[in-house]
Amino acid sequence: MNLKLYNSIAREKQDFQPIDPQNVTMYVCGPTVYNYVHIGNARPAVVFDTLYRVLRAIYPGVTYARNITDIDDKIINKSNELSVDINEITESFSDAYFEDMVALNTLEPDVIPYATQHIPEMIQMVETLVEKGHAYPADSNVEADKGHVLFSVPSMSKYGELSKRNLEEQEAGARVEVAGYKQYAGDFVLWKPSSEKEPGWASPWGRGRPGWHLECSAMIKKHLGDTIDIHGGGHDLIFPHHENEIAQSCCANDGKPLANFWMHNGFINIDGEKMSKSLGNFRLVRDLLQQYPGEVLRYVILSSHYRSEQNFSKELLDSAWRTLDSLYGFIRGVAPAESHLNSSGDGFKALLDDLNTPVAISELYRLAKAVNQANGAEQVALMQELKGLSDILGLLQQDPEQWFTLARGNDQLSVEQIEQQIQARQQAKQDKDFAKADQIRQQLLDAGVVLEDSREGTKWRRA
RNA sequence: GGCGCUGUAGCAAAGUGGUAAUGCAGUGGACUGCAACUCCGCCAUCGUCGGUUCGAUUCCGACCAGCGCCUCCA
């Protein structure tokens with residue numbers, strides 16, 4: 001049973017070997033809490049949650065950390081825009097984030113570090129970098145430039161190892177003007193000054209706040225150590241964010257690598273286009289949850305391989321919902337069973353192969369179908385295996401009966417009304433008044449309720 | 001310009017040097033008073049053109065078409 005993971009820094013699938021098999025360490029970049037998260041933010045959370053579950057099934061200990069970035073210019077802007085205190089912004093949006101993550105069946109990480117609670121560690125790291133000649137305070141006569149501390153990219157010979165970029169060949173400043181106080185165009189901010197109106201902390205370079213990249217480096221060092229097993233995040237974070245994290249941590253920690261495995265999930269597009277402010281096509285998890293159960297969103301995310309791009313659309317969501325209906329349909333009426341992971345089953349084996357969730361899901365389907373056709377002890381065993389696999393995937397976590405009564409967004413009838421109608425139809429059937437029975441069934445169907453007759457009686461479900 | 005990704009059935013999505021998992025949709029049949037559910041079955045030659053090979057969707061090359069990153073970004 002060996003886990004293979006695609007390592008972005010090596011650009012190939014590799015056998016995963018933890019530093020300490022007793023305690024695997026994983027860090028994933030979490031959200032900047034200035035707004036509700038969109039479905040793109042949900043992908044890494046769901047993907048790495050699934051990996052977390054796989055790791056926990058293999059190793060006795062796993063420490064998973066996912067941060068909250070609660071100090072950032074975007075947050076400050078939002079605060080100004082709404083004239084709301086910055087703490088209120090970060091608290092309400094981090095709370096909302098946690099709610100959304102629960103809806104997506106993600107487990108709570110072991111550590112949830114907040115950037116603002118690690119300012120001393122960050123300052124410490126900057127000081128170390130300055131001492132070692134990897135960082136410098138901006139030297140400028142311009143008042144606004146003072147108080148910046150920058151990382152000196154040329155001081156690190158291996159810079160660019162993750163993204164395989166040669167800064168000379170990049171279009172430096174293609175999108176952002178190069179600040180005049182930088183010694184080198186590629187240098188990035190470790191610490192920046194804060195005005196009286198902006199949140200700030202005292203530092204050797206004056207009152208200021210940390211740069212984005214610094215947060216993760218400092219929090220990883222504090223909670224997980226100098227070198228961790230797995231560092232995850234979205235594909236777009238490879239450069240500059242992760243590259244800069246490597247630079248900071250590696251240079252501050254005597255050249256030790258920051259992470260042995262770098263993993264990056266692909267993007268989610270909407271109707272073929274990237275989500276962007278200009279297109280106004282963000283899909284907030286919160287909004288989608290108004291229309292779809294969180295498990296449908298999770299299913300969609302896991303239905304394609306985490307490294308490929310995924311195109312979100314209404315059709316995809318609706319189709320995923322129908323599939324889950326079908327899955328729940330197979331186990332409806334089957335007694336719940338203890339979770340029992342078959343670690344040599346095809347589903348788990350697929351997950352060990354760089355988290356091949358589409359194949360694991362197909363196995364889920366095969367098992368559910370088998371459960372439906374088996375009975376007795378065989379059925380119990382299959383149900384246990386199904387439960388074992390679905391628990392790793394974080395799917396089929398609800399009671400089937402409840403699943404089928406879940407609100408579908410267009411519900412016109414209450415459970416009582418539905419059951420009343422079913423009674424009436426039952427009577428009509430007994431009276432051989434099929435016209436009336438069919439009429440009732442049609443009315444229910446029009447109201448989004450499908451009936452399923454069986455020997456044991458009539459079941460219904462919303463669809 | 002630099003780095004990189006993708007192109008498999010109506011849709012979604014795995015995969016392999018030896019003639020293509022799975023789901024949704026569709027469709028034929030069984031079951032049903034009729035349906036729904038369920039069950040049995042059907043439904044693709046893998047962007048194009050070359051090359052390597054006994055044999056390629058899978059390796060190599062070219063081309064075509066999309067797309068991402070290059071200091072906000074999951």
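If you're wondering where the values come from, they're calculated on a predicted model, not measured in any experiment. Lettering follows sequence order; numbering is per chain, from 1.
For RNA chain B, the stems formed by at least three consecutive Watson-Crick or G-U pairs, with both atom-pair distances below 3.5 Å, span B:1-7 with B:64-70, B:10-12 with B:22-24, B:26-30 with B:38-42, B:47-51 with B:59-63.
B/rA74 atom C1' lies 12 Å from atom NE2 of A/His231, rounded to whole Å. Going from atom CG of A/Asn244 over to atom P of B/rC70 covers 12 Å, rounded to whole Å. Here B/rA74 presents its C1' atom at 15 Å from NE2 of A/His213, a figure rounded to the nearest Å. Following rounding to the nearest Å, A/Arg322 (CZ) and B/rG10 (P) show an atom-to-atom distance of 17 Å. To the nearest angstrom, P of B/rA21 lies 16 Å from CZ of A/Arg366. Atom CD of A/Glu363 and atom P of B/rG23 are 12 Å apart (whole Å). To the nearest angstrom, P of B/rA74 lies 11 Å from CG of A/Asn35. Between the C1' atom of B/rA74 and the CZ atom of A/Arg283 lies a distance of 16 Å, rounded to the nearest Å.
Under a 4.0 Å N-O distance rule, the pair A/Arg286/A/Glu99 qualifies as a salt bridge. Salt bridge status for A/Glu295 with A/Arg298: absent, with no side-chain N to carboxylate O gap under 4.0 Å.
Base contact: A/Ile268 has a heavy atom under 4.0 Å from a base atom. Base engagement by A/Gly40 is indicated by at least one non-hydrogen atom pair under 4.0 Å involving a base atom. Base contact: A/Lys274 has a heavy atom under 4.0 Å from a base atom. Using a 4.0 Å heavy-atom distance criterion, A/Arg332 is classed as making no nucleic acid contact.
In this structure, a donor-acceptor pair under 3.5 Å is absent between the side chains of A/Tyr64 and A/Asp49. Counting only N and O atoms by type, the side chains of A/Asp187 and A/Tyr136 include a donor and acceptor under 3.5 Å apart.
When the P atom is used for both B/rG33 and B/rA44, the distance is 35 Å, rounded to whole Å. Between B/rA12 and B/rG7, the two C1' atoms lie 15 Å apart (nearest whole Å). For the C1' atom pair drawn from B/rC31 and B/rU8, the interatomic distance equals 36 Å after rounding to whole Å. Look at the C1' atom in both B/rU22 and B/rA14: the space between them is 8 Å, to the nearest Å. Nucleotides B/rC24 and B/rA13, compared at atom P, are 16 Å apart to the nearest Å. Rounded to whole Å, the separation between the P atoms of B/rG4 and B/rC11 comes to 31 Å. With both ends at atom C1', the span from B/rU45 to B/rU19 equals 8 Å, rounded to whole Å. For the C1' atoms, the distance from B/rA30 to B/rG23 is 23 Å, rounded to whole Å.
Between A/Pro31 and A/Phe188, the residue anchored closer to the 5' end of RNA chain B is A/Phe188, taking for each the nucleotide with the nearest heavy atom.
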In B/S/- notation (B base, S sugar-phosphate only, - none; protein heavy atoms under 4.0 Å), nucleotides 34-41 of chain B written 5' to 3' is BBBSSS--
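Here A/Asp70 pairs with A/Thr116 under the side chain to side chain donor-acceptor pair (under 3.5 Å) rule; sequence neighbours left out. With sequence neighbours excluded, no residue satisfies salt bridge (Lys or Arg N to Asp or Glu O under 4.0 Å) with A/Asp139. Residues satisfying the salt bridge (Lys or Arg N to Asp or Glu O under 4.0 Å) criterion with A/Lys192, sequence neighbours excluded, are A/Asp73. Here A/Glu401 pairs with A/Arg332 under the salt bridge (Lys or Arg N to Asp or Glu O under 4.0 Å) rule; sequence neighbours left out. With sequence neighbours left out, the side chain to side chain donor-acceptor pair (under 3.5 Å) criterion links A/Ser94 to no other residue. Legend: residues meeting salt bridge (Lys or Arg N to Asp or Glu O under 4.0 Å) with A/Asp354, ordered by chain and number and at least two apart, are A/Arg307. Residues satisfying the side chain to side chain donor-acceptor pair (under 3.5 Å) criterion with A/Arg425, sequence neighbours excluded, are A/Asp453.
Sorted pairs that involve residues 231-248 of chain A and meet salt bridge (charged side-chain N to carboxylate O under 4.0 Å, His left out), not counting sequence neighbours, are lacking altogether.
The listed nucleotides are B/rG33, B/rU22, B/rA74; the one nearest the side chain of A/Ser362 is B/rU22. If you check B/rU71, B/rG23, B/rA74 against the side chain of A/Asp236, the one that comes closest is B/rA74.
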Between side-chain atoms of residues 432-451 of chain A and protein atoms elsewhere (two or more places apart, or another chain), which donor-acceptor pairs fall under 3.5 Å?
from, atom 1, to, atom 2, distance (Å)
A/Asp433, OD1, A/Lys436, N, 3.2
A/Gln442, NE2, A/Asp446, OD1, 3.0

Below 3.5 Å between N/O atoms, which protein atoms pair up with nucleotides 11-15 of chain B? Just atom names and distances, please.
from, atom 1, to, atom 2, distance (Å)
B/rA14, OP1, A/His305, N, 2.5
B/rA14, O3', A/Asn356, ND2, 3.1
B/rG15, OP1, A/Asn356, ND2, 3.2

